[in-house]
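This report refers to the structure that appears directly beneath it.
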2 protein chains.
Amino acid sequence: MEKHSTGYFGSDGINCDWNDMEKAAISAISRSLIEIAWYFGPQGLNGECCENLTLPEFIALDKVSTTPHCAVQDVGHALGFTKSGATRIVNRLEKKGYVQKLKSHEDGRICCVEITKSGERVLSSADSRYLEQFHTIAEKMPEYTVADTVKLLTAMAKALKG
Amino acid sequence: MEKHSTGYFGSDGINCDWNDMEKAAISAISRSLIEIAWYFGPQGLNGECCENLTLPEFIALDKVSTTPHCAVQDVGHALGFTKSGATRIVNRLEKKGYVQKLKSHEDGRICCVEITKSGERVLSSADSRYLEQFHTIAEKMPEYTVADTVKLLTAMAKALKG
DNA sequence: CAAAACAAGTTGACATCGTCAACATTCTGT
DNA sequence: ACAGAATGTTGACGATGTCAACTTGTTTTG
């Protein structure tokens with residue numbers, strides 16, 4: 001459970017998963033992770049998930065669309081932003097017409113952010129774009145089926161949250 | 001080969017890998033990808049690969065360390081930046097003492113960017129940090145061995161470049 | 001060989017984007 | 001009712017990348 005907290009290069013050979021990999025191969029893992037993160041991240045795909053939507057905006061919009069009575073801070077938490085940053089990204093989405101802000105009836109301090117029809121359209125379009133990208137990549141991995149790749153990535157995403 | 005170029009939601013059932021997944025599951029893939037990209041990307045890990053190094057800086061430093069006679073623009077290409085942006089990120093690394101610029105002897109226009117000892121140290125430290133993160137995540141995926149996960153991610157990273 | 005075209009790198013002006021701190025407004029607990 | 005806490009907004013700011021114009025050095029071409 002805590003075996004990695006004191007270093008994963010442990011040379012004692014006990015409780016270490018990395019024994020049979022040389023340092024070079026290990027380093028390759030972090031490069032792969034970064035490669036993937038960079039490719040699908042904020043700078044990848046020409047810096048936009050689809051026309052008119054950056055990656056943080058996509059994530060924010062997704063959060064709004066999947067959260068009933070979504071507060072501004074909920075968006076902030078999804079992104080790891082401060083409440084100030086949350087306000088700003090929600091405002092941007094509002095200016096683009098993808099969300100609207102409504103005062104909550106239960107709590108006057110809270111803004112309920114809701115996705116608009118236009119927002120749903122662009123969200124789905126961005127989704128498609130990512131899927132297309134993924135499909136293209138998956139095709140270049142003949143040693144894996146698409147289903148297997150999807151399964152592992154899904155498990156990994158789930159592990160990130162847990 | 002070209003089956004996805006006309007849409008991967010094809011309903012004809014021919015040449016379509018997505019048949020047996022509902023739309024929700026498909027959408028989950030792009031969410032997983034984004035989850036991963038966000039986690040390991042520029043905003044993840046507190047916005048720094050390790051103390052004093054952002055993700056673009058890490059990538060730049062890695063490029064420098066693996067490219068003999070690395071020109072400023074080589075760094076730019078690795079990141080998808082303009083030559084102007086490349087100049088700026090190299091300058092930042094230089095100011096931090098992680099690289100140094102030398103005029104090329106073969107071509108007076110070119111700056112050979114070289115990593116310093118201090119740069120190598122921080123690069124390795126950032127590497128470790130990523131590895132640690134990965135290890136933590138991998139532990140939360142009991143259905144896969146670390147080796148299998150590594151293998152797939154490596155294949156995926158390779159596919160991105162190809 | 002000289003002039004034009006091209007390529008590498010730098011720089012000033014600028015746009016974007018997120019943080020910090022201070023603030024207004026609205027709840028909550030006692 | 002009142003102190004304290006929570007939500008959200010805003011001005012000032014810093015970080016970061018682009019664009020266009022420029023300098024310098026190389027290559028091509030007539």
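No hydrogens, no waters, no symmetry mates; every other heavy atom, side chains included, goes into these values. What you see is a predicted model; the values in this text were computed from it and never measured.
One can place CD of Glu57(B) at 13 Å from C1' of dG17(D), the figure rounded to the nearest angstrom. In this structure, the NZ atom of Lys95(A) is 11 Å from the P atom of dC17(C), given to the nearest Å. Taking atom CD on Glu94(B) and atom P on dT11(C), their separation rounds to 11 Å, with Å as the unit. In this entry the distance linking CD1 of Ile59(B) with P of dG17(D) reads 11 Å, nearest Å. Atom CD of Gln43(B) and atom C1' of dG18(C) are 8 Å apart (whole Å). Following rounding to the nearest Å, His69(A) (NE2) and dT7(D) (P) show an atom-to-atom distance of 17 Å. Between the C1' atom of dT16(C) and the CG atom of Leu55(A) lies a distance of 15 Å, rounded to the nearest Å. Atom pair Lys101(B):NZ and dT11(C):C1' shows a separation of 12 Å (rounding to whole Å applied).
Between dT10(C) and Thr87(B), a contact under 4.0 Å exists linking OP1 or OP2 to a side-chain N or O.
In terms of position on DNA chain C, the residue among Gln73(B) and Ser104(A) whose nearest nucleotide sits closer to the 5' end is Gln73(B).
Closest to the side chain of Asn91(A), out of dA8(C), dT10(D), dG8(D), is dT10(D). Of the candidate nucleotides dG17(D), dG9(C), dC17(C), dG17(D) has the atom nearest to the side chain of Ile89(B).
By the 4.0 Å N-to-carboxylate-O rule, Lys117(A) lies close enough to Glu120(A) to be salt-bridged with it. Looking at Glu35(B) and Lys158(A), no side-chain N of the basic residue comes within less than 4.0 Å of a carboxylate O on the acidic one, giving no salt bridge. Classification of Glu57(A) and Lys96(A) as a salt-bridged pair holds, one side-chain N sitting under 4.0 Å from a carboxylate O.
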### Message
Treating primed atoms plus P, OP1 and OP2 as sugar-phosphate and everything else as base, which nucleotides of nucleotides 18-27 of chain D get B, S or - for protein heavy atoms under 4.0 Å?
### Response
BBB----BS-

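Between Ser30(B) and Asp127(A), the side chains place a donor N or O and an acceptor N or O closer than 3.5 Å (distance only, hydrogens not considered). Side-chain contact annotation: Tyr39(A) with Gln133(A), donor-acceptor N/O pair under 3.5 Å present.
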### Message
side-chain contact (heavy atoms from CB on, under 4.5 Å), that's the test. Do Phe81(A) and Val75(A) meet it? Break it down for me.
### Response
CA-CA 8 Å; Phe81(A) 285 1; Val75(A) 174; over 6 Å; no

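Panel note: side chain Thr67(B), backbone Lys63(B); a donor-acceptor pair is recorded below 3.5 Å.
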